[in-house]
Undergrad: 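Can you keep this structure in mind? I'll have questions shortly.
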Amino acid sequence: MSTLTHPDPLPTRHRRRTTHSRPRPSAGNVLLGFIGELLITAGVLIGLFVVWQVYYTDVIGQRAASEHIEQFESGLPEVSSDVAEENREEAPVALGEGQFGVLYVPRWGEDYRMPIAEGTGMDILDGGFVGHYPSTQMPGEIGNFALAGHRQSQGKPFRYVEELEDGDPLIVRTEDHFYVYRVSSNRIVYPDQVEVLAPNPFDPEEEPSTSVMTLTTCHPLWSIRERWIVHAELDYWTDADDGRPADLPEGSL
């Protein structure tokens, strides 16, 4: 009986070894891969920076603003919800040093409140404050009471400046008084047009005869190319001890 058999394998010394070699990448491909990884990393870092700049600094700024207002109001008597008498005679001039007041803008919501401090450096504007230009007048004083604030990031206190309309109240509370200004005009200027900070911003060559308030902020959004300027004129003032001004919603206190 015969059976099928496999032939004997070749001796080991005659076996052929099959190998597959991978081509070595060129220097150009290595460089392109490295650049690609760098771009991906840069994109991630830029994305994180944008999130931090757009959102997280707002959280920090708003939290700081609330703390500043709480500190300012802690040493003052609570303001009554009663409507105080409007005074249009010569206004008392507020004193300013450090943090000296709170800004209310009803157009931007009943919950809008921003602390006001002396100075316009980054330590002020990035620290949860609206800053007062030291060279300008104080609330109630004849001349120009000028404030600066961010329009984007760091709490963005002047984010919706373009929504202000003529006649809108801008209200400043100091230790003893409320000052109610009304928007009279707005304009866009270049950063070197500092006449908007003059005692008489409407005619810098003339002496001021009224009490004016000016808001300054960057324009357009995410740019420092220009400045958006809002002017308002003092309408009336009230004693804080008598309650809130009629233009301040009760829910703002």
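Residue numbers start at 1 and run along the sequence shown. Quantities reported herein were computed from a predicted structural model and do not represent experimental measurements.
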Undergrad: If you group Ile, Leu, Val, Met, Phe, Trp and Tyr whenever their side-chain heavy atoms sit less than 4.5 Å apart, what else falls in with V102?
TA: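 Direct or chained contacts put V102 with I69, F72, L76, V79, Y104, I171, F178, V180, Y236, L248, L253.
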
Undergrad: Looking only at non-hydrogen atoms, find the nearest pair between N144 and M213 and report the distance.
TA: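 In terms of heavy atoms, the two residues are closest at OD1-C, 4.1 Å.
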
Undergrad: Give a yes or no answer on whether the side chain of N200 reaches the backbone of D203 with a donor-acceptor pair at less than 3.5 Å.
TA: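 Pair found, side chain donor or acceptor close to backbone of D203.
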
Undergrad: Backbone N or O of Q62 within a donor-acceptor pair of the S66 side chain at under 3.5 Å?
TA: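 Confirmed, S66 side chain pairs with Q62 backbone.
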
Undergrad: Does the side chain of Q137 come within less than 4.5 Å of P199's, by heavy atoms?
TA: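 When only atoms from C-beta onward are counted, Q137 and P199 do touch, with a gap below 4.5 Å.
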
Undergrad: Which salt bridge (charged side-chain N to carboxylate O under 4.0 Å, His left out) pairs, counting each pair once, include a residue from residues 74-87, with sequence neighbours left out?
TA: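 For residues 74-87: E86-R88.
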
Undergrad: Contact between P139 and W237 at the side-chain level, heavy atoms closer than 4.5 Å - yes or no?
TA: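 No; the side chains remain at least 4.5 Å from each other.
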
Undergrad: Are there more than 12 heavy atoms of other residues, nucleotides or ligands under 6.0 Å from atom CD of E163?
TA: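 Counting neighbours around CD of E163, more than 12 heavy atoms of other residues, nucleotides or ligands fall under 6.0 Å, so yes.
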
Undergrad: Which pairs, with at least one residue in residues 181-217 and sequence neighbours excluded, count as a ring pair (Phe, Tyr, Trp, His ring centres under 6.0 Å)?
TA: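 Checked against ring pair (Phe, Tyr, Trp, His ring centres under 6.0 Å) - neighbours excluded - the pairs reaching residues 181-217 are F202-H231.
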
Undergrad: Keeping T136 on the side-chain end and A146 on the backbone end, is there a donor-acceptor pair under 3.5 Å?
TA: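 Present.
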
Undergrad: Would you please name every residue forming a salt bridge (Lys or Arg N to Asp or Glu O under 4.0 Å) with E162, sequence neighbours left out?
TA: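 Residues passing salt bridge (Lys or Arg N to Asp or Glu O under 4.0 Å) with E162: R151, R159.
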
Undergrad: Can you get from Y133 to V196 by hopping between Ile, Leu, Val, Met, Phe, Trp and Tyr side chains that sit under 4.5 Å apart?
TA: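 Yes.
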
Undergrad: Can I get a per-line list of side-chain donor-acceptor pairs under 3.5 Å for residues 120-127, giving both atom names and the distance, sequence neighbours left out?
TA:
unit_1 : atom_1 : unit_2 : atom_2 : d
D126   : OD1    : H150   : NE2    : 2.7

Undergrad: Does anything in residues 98-115 pair up under salt bridge (charged side-chain N to carboxylate O under 4.0 Å, His left out), and if so which pairs, sequence neighbours excluded?
TA: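 Listed by first then second residue: E73-R113, R107-E165, R107-D168.
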
Undergrad: Run the side-chain contact (heavy atoms from CB on, under 4.5 Å) check on I229 and T214 step by step: do they pass?
TA: CA-CA 7 Å; I229 308 298; T214 297; 3.7 Å; yes

Undergrad: So, do S252 and P106 sit near enough that their side-chain heavy atoms are less than 4.5 Å apart?
TA: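 Result no, sub-4.5 Å side-chain heavy-atom pair not found.
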
Undergrad: Before giving the answer on side-chain contact (heavy atoms from CB on, under 4.5 Å), spell out for T216 and V230 the whole-Å C-alpha distance, their side-chain angles and the decisive distance to 0.1 Å.
TA: CA-CA 7 Å; T216 73; V230 174; over 6 Å; no

Undergrad: Taking all atoms of both residues into account, what is the closest heavy-atom pair of P208 and G143, and its distance?
TA: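 Heavy atoms only, the tightest pair is CB-CA, 3.8 Å.
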
Undergrad: Got a sec, which pairs hit ring pair (Phe, Tyr, Trp, His ring centres under 6.0 Å) with one end in residues 154-174, sequence neighbours left out?
TA: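 Qualifying pairs, neighbours excluded: none.
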
Undergrad: L164 and L215: side-chain contact (heavy atoms from CB on, under 4.5 Å), yes or no, with the steps?
TA: CA-CA 11 Å; L164 292 175; L215 306 183; 4.2 Å; yes

Undergrad: According to salt bridge (Lys or Arg N to Asp or Glu O under 4.0 Å), who are the partners of R244, at least two apart in sequence or on a separate chain?
TA: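 Testing R244 for salt bridge (Lys or Arg N to Asp or Glu O under 4.0 Å), a comparison that skips the adjacent residues, returns none.
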
Undergrad: Can you pull out every salt bridge (charged side-chain N to carboxylate O under 4.0 Å, His left out) where at least one residue sits in residues 130-139? Sequence neighbours excluded, please.
TA: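 Listed by first then second residue: nothing to list.
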
Undergrad: Show every salt bridge (charged side-chain N to carboxylate O under 4.0 Å, His left out) that has at least one partner inside residues 176-201, sequence neighbours left out.
TA: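 Every pair satisfying salt bridge (charged side-chain N to carboxylate O under 4.0 Å, His left out) with a residue in residues 176-201: R182-D235, R182-D247.
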
Undergrad: Where is the tightest heavy-atom contact between T174 and Y179, given as atom of each residue plus distance?
TA: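 Closest approach of T174 to Y179, heavy atoms only: OG1-CE1, 3.7 Å.
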
Undergrad: Considering residues, nucleotides and ligands other than I188, do more than 12 of their heavy atoms fall under 6.0 Å from its CD1?
TA: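 Result for CD1/I188: enclosed.
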
Undergrad: Step by step, work out the side-chain contact (heavy atoms from CB on, under 4.5 Å) result for I116 and V172.
TA: CA-CA 9 Å; I116 305 171; V172 176; 3.9 Å; yes

Undergrad: Quick one: NZ on K156 to CE on M114, what's the gap to the nearest 0.5 Å?
TA: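 Taking NZ in K156 and CE in M114, the distance rounds to 12.5 Å.
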
Undergrad: How long is the straight-line distance from CG of L95 back to CD of E141, given to the nearest 0.5 Å?
TA: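 Here the rounded value is 10.0 Å.
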
Undergrad: If you look at every heavy atom in S81 and E250, which pair is closest and at what distance?
TA: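 Shortest heavy-atom contact: CB-OE2, 3.4 Å.
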
Undergrad: Identify the two heavy atoms, one from Y112 and one from L103, that lie closest to each other, and give their separation to 0.1 Å.
TA: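 It is CE2-O, 3.9 Å.
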
Undergrad: Taking only residues two or more places apart in sequence or in another chain, which ones pass ring-ring contact (aromatic ring centres under 6.0 Å, His included) with F129?
TA: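 Counting only residues at least two positions away or on another chain, F129 forms a ring-ring contact (aromatic ring centres under 6.0 Å, His included) with H68.
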
Undergrad: Atom CG of L234 and atom CG of L170: how far apart are they, to the nearest 0.5 Å?
TA: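 Answer rounded to 0.5 Å: 11.0 Å.
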
Undergrad: Could you pull out all residues at least two apart from S223 that satisfy side-chain contact (heavy atoms from CB on, under 4.5 Å)?
TA: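 With neighbours one apart ignored, the set is P220, R225.
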
Undergrad: What heavy-atom pair brings I224 and C218 nearest, and what distance separates the two atoms?
TA: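 Scanning both residues, the minimum pair turns out to be CG2-SG, 3.8 Å.
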
